[in-house]
Amino acid sequence: MVATVLRAWVLPASLVISLSASLLLLWPTQPLADDTDQEIRETILMQIEAFANNEPEAAWAFASEGIKRRFGSSDVFIDMVRQAYPAVHQATAIEFDERVPHGTFEIQVVKLQGPDGKRWDAYYRMVSVDGSWKVAGVQLYPSEVGI
């Protein structure tokens with residue numbers, strides 16, 4: 001599903017609008033999202049889209065300064081994600097779950113399905129930097145309940 005949505009983002013605006021409206025139907029049991037929810041979700045989706053489109057610099061742009069210091073370059077970062085996090089690098093389905101505030105950062109829970117069909121709970125650590133959200137880390141755990 002994500003691969004279709006990600007490809008749709010490069011299609012004509014009328015199709016993107018109809019697909020975006022369809023995506024909203026995926027979250028009917030979720031409470032209405034506030035601005036922070038929307039901004040964090042958009043950041044995560046745009047990074048996953050950059051991975052799917054093999055755009056290392058775009059994916060790198062959503063990484064926090066801590067991640068950038070740790071890996072040093074977009075190429076090293078993308079290689080690490082490709083090898084260690086295939087469910088993030090090539091997600092085939094995404095479902096947002098709860099967001100948990102932790103003072104200086106937020107944890108966004110995301111259910112992912114990887115290219116091999118396995119399901120994962122991804123815990124995204126998100127930090128706000130100069131008014132925009134950045135990914136400061138992801139922990140993956142096998143999911144009991146899938147997408």
Mind listing the side-chain donor-acceptor pairs of residues 124-131 below 3.5 Å, one per line with the distance, residues two or more places apart or on another chain?
none

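Distance CG/Asp116 to OG1/Thr92: 8.5 Å, rounded to 0.5 Å. Atom CG in Leu140 sits 15.0 Å away from atom CZ in Arg119 (nearest 0.5 Å). Rounding to the nearest 0.5 angstrom, the gap separating the CG atom in Asp97 from the OG atom in Ser143 is 9.0 Å. Distance CD1/Ile78 to NE2/His89: 5.5 Å, rounded to 0.5 Å. Interatomic distance, Asp37 CG to Glu98 CD, rounded to the nearest 0.5 Å: 11.0 Å. Taken to the nearest 0.5 Å, the CD atom of Glu49 stands 10.0 Å off from the CD atom of Glu42.
A distance-only check finds no donor-acceptor pair linking the side chain of Gln113 to the backbone of Ala91 [under 3.5 Å]. In terms of modelled atom types and a separation under 3.5 Å, the side chain of Gln139 and the main chain of Asp121 share no donor-acceptor contact.
Taking hydrophobic clusters as Ile, Leu, Val, Met, Phe, Trp and Tyr residues chained together by side-chain heavy-atom distances below 4.5 Å, Val109 does not share a cluster with Ile44. Under the 4.5 Å side-chain heavy-atom criterion for ILVMFWY residues, a single connected hydrophobic cluster contains both Val135 and Val76. The cluster map of Ile, Leu, Val, Met, Phe, Trp and Tyr, joined by side-chain heavy atoms under 4.5 Å apart, puts Val138 and Phe71 in the same cluster. Cluster annotation: Val100 and Leu112 are assigned to distinct hydrophobic clusters (Ile/Leu/Val/Met/Phe/Trp/Tyr, side-chain heavy-atom contacts under 4.5 Å, transitive). Residues Ile107 and Phe96 do not share a hydrophobic cluster, clusters being chains of Ile/Leu/Val/Met/Phe/Trp/Tyr side chains in contact below 4.5 Å.
Taking all atoms of both residues into account, the shortest heavy-atom contact from Trp120 to Gly114 is CD1-N, 4.4 Å.
Every residue two or more places apart in sequence or in another chain was checked for a side chain to side chain donor-acceptor pair (under 3.5 Å) with Gln90, and none qualifies. In this structure Trp133 satisfies the ring pair (Phe, Tyr, Trp, His ring centres under 6.0 Å) test with no other residue, sequence neighbours excluded. Qualifying side chain to side chain contact (heavy atoms under 4.5 Å, CB included) partners for Ala58, counting only residues two or more places apart in sequence or in other chains: Ala50, Glu55. Annotation: side chain to side chain donor-acceptor pair (under 3.5 Å) contacts of Glu65 (sequence neighbours excluded): none. Shown here are the side chain to side chain contact (heavy atoms under 4.5 Å, CB included) partners of Pro101, two or more places apart in sequence or in another chain: Arg99, Glu106. Qualifying side chain to side chain contact (heavy atoms under 4.5 Å, CB included) partners for Phe62, counting only residues two or more places apart in sequence or in other chains: Thr43, Met46, Gln47. Evaluation of the ring pair (Phe, Tyr, Trp, His ring centres under 6.0 Å) rule for Tyr85 yields no partner, not counting sequence neighbours. Not counting sequence neighbours, the partners of Glu57 by the side chain to side chain donor-acceptor pair (under 3.5 Å) test are Ser74.
Residue pairs meeting the salt bridge (charged side-chain N to carboxylate O under 4.0 Å, His left out) criterion with at least one partner in residues 69-94, sequence neighbours excluded, are Asp79-Arg82.
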* Please report the C-alpha distance between Leu45 and Ile94 in whole Å, then the side-chain angles of each, then the deciding distance to 0.1 Å, and finally whether the side chain to side chain contact (heavy atoms under 4.5 Å, CB included) criterion is met. => CA-CA 9 Å; Leu45 284 172; Ile94 299 172; 3.7 Å; yes
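Using a 30° and 60° split on the angle between ring planes, Phe51 and Phe77 fall in the tilted class, from 30° to 60°.
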